[in-house]
Protein chains: 2
Amino acid sequence: MPISAGEPDALSARLGYLLKHAQLRLAGLSAEALAPFGINGRELAVLAVLAAREPLSQLEAAGRLGLDRTTMVALIDSLEAKKLVERLRSPHDRRKNIVPLTAYGQDCLRRAEQARLETEQRFLAPLSRQDADHLVRALQALVAAPQDGED
Amino acid sequence: MPISAGEPDALSARLGYLLKHAQLRLAGLSAEALAPFGINGRELAVLAVLAAREPLSQLEAAGRLGLDRTTMVALIDSLEAKKLVERLRSPHDRRKNIVPLTAYGQDCLRRAEQARLETEQRFLAPLSRQDADHLVRALQALVAAPQDGED
DNA sequence: TATTGTTATACTCTATAACTATA
DNA sequence: TATAGTTATAGAGTATAACAATA
């Protein structure tokens, strides 16, 4: 039997297609849910990372998100323009910016995180609670697995 | 107890982060695996769609992949330059290009699909066979579920 | 009038290189 | 010398608008 390329389900059997379109759909739902807060999903993730116990520098935040430091500059620019975060020179190393959330930023983070959680639950609604848990754990295992050639 | 934003696992609990990074990792593996064939994952998906029983027009192929018709133009340009497909005017509707695979394109598709399957299995290796099957079915259910506001 | 393919254009996300100020 | 932040630039991927050929 030949490979099913070209069959109607040729795409739905492709893991790459499934991951991409699942992500696109969740991103669409998130965009709606976060619009009232004036931020997008990436900005929310940055806020969440910056809300760590000890304030982070831009480079540290970029590292945690797997982003480039040049990408982080624009993200912080945007968050700062919205008064959600503040750039402060580190007194210990004046090359670094530490970037704490403003009080408004903390409030925005709390409410937007709630909206994100509700959106994820809506996205996962087609699955049983158990299947949804399985999905999240499987994805965590795949993302946490060592890269090819990685120690 | 406050939301765990800022905790070390704040990101690995985000479905958006997990889907995005799972896709990035698979895309990286696929890029390596497909490099010997001179195509990327998107081009392979286009080849697979175009290999349907009845030859497809560019617009039909774009529709099946969820792409814009303007995006499809550049993809077909690239595949045609590599002699993997041919643009033919449809005799029934001369506005349409039907885009069959060349013999070389069919051979490339067959071998590249094999490489893609092996790559997906390598990507899923951290999971048990059963968990991997669960993951694929869950993603299919999420992607097939009706969109918000969709009939 | 509507549709298909095409081109031009723009916007987002990302990465690379080079500059500055600090260490 | 090396590092953190910044800027400029370029490359994917995607989308919109407008045009030519055809229906």
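Each chain gets a letter, A, B and so on, in the order its sequence line appears, and its residues count up from 1.
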Protein-nucleotide distance ([X], atom [atom1]; [N], atom [atom2]), rounded to Å:
X: B:Asn97; N: C:dT6; atom1: CG; atom2: C1'; value: 10 Å
X: A:Met72; N: D:dT7; atom1: CE; atom2: P; value: 16 Å
X: B:Glu60; N: C:dT4; atom1: CD; atom2: P; value: 8 Å
X: B:Ile76; N: C:dT6; atom1: CD1; atom2: C1'; value: 13 Å

Quick one, [X] and [Y] - any side-chain contact, counting heavy atoms below 4.5 Å?
X: A:Leu84; Y: A:Gln106; answer: no
X: A:Arg129; Y: A:Asp133; answer: yes
X: B:Leu56; Y: B:Val99; answer: no
X: B:Leu26; Y: B:Thr119; answer: yes
X: A:Leu19; Y: B:Phe123; answer: yes
X: A:Asp107; Y: A:Thr102; answer: no
X: A:Glu86; Y: A:Ile76; answer: no

Annotated protein contacts, base or backbone, on nucleotides 18-23 of chain D with a non-hydrogen cut-off under 4.0 Å, one of B, S, - each: B--BBS
Out of C:dG5, D:dG5, C:dT6, whichever nucleotide has its closest atom nearest the side chain of B:Ser57: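 The listed nucleotide nearest to B:Ser57's side chain is C:dG5.
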Identify which nucleotide among C:dT4, D:dG5, C:dT6 has an atom closest to any side-chain atom of A:Leu59, counting heavy atoms from C-beta outward.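 Nearest to the side chain of A:Leu59 among the choices is D:dG5.
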Mind running a 4.0 Å heavy-atom check of residues 77-85 of chain A against DNA chain C and sending the residues that fall below it, in number order?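 Going residue by residue through residues 77-85 of chain A, none turns out to have a heavy atom under 4.0 Å of DNA chain C.
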Looking at B:Lys82 and B:Glu43, does any basic side-chain N land under 4.0 Å from a carboxylate oxygen?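 Yes, charged N to carboxylate O under 4.0 Å.
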Between B:Glu113 and A:Arg14 (salt bridge meaning N to carboxylate O under 4.0 Å), is one present in this structure?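 Counted as a salt bridge, because a side-chain N and a carboxylate O are separated by less than 4.0 Å.
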Please check: side-chain N/O of B:Gln58 versus main-chain N/O of B:Lys96, any donor-acceptor pairing under 3.5 Å?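 It does not hold such a pair.
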Look at the side chain of B:Asp93 and the backbone N and O of B:Arg95, then say whether any donor-acceptor pair between them is shorter than 3.5 Å.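 Indeed, once roles are kept as given, a pair shorter than 3.5 Å links the two residues.
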Tabulated below should be each protein N or O lying under 3.5 Å from an N or O of nucleotides 11-14 of chain C; please produce it.
{"residue": "C:dT14", "atom": "OP1", "partner": "B:Lys20", "partner atom": "NZ", "Å": "2.7"}
{"residue": "C:dT14", "atom": "OP2", "partner": "A:Arg42", "partner atom": "NE", "Å": "3.2"}
{"residue": "C:dT14", "atom": "OP2", "partner": "A:Arg42", "partner atom": "NH2", "Å": "2.0"}

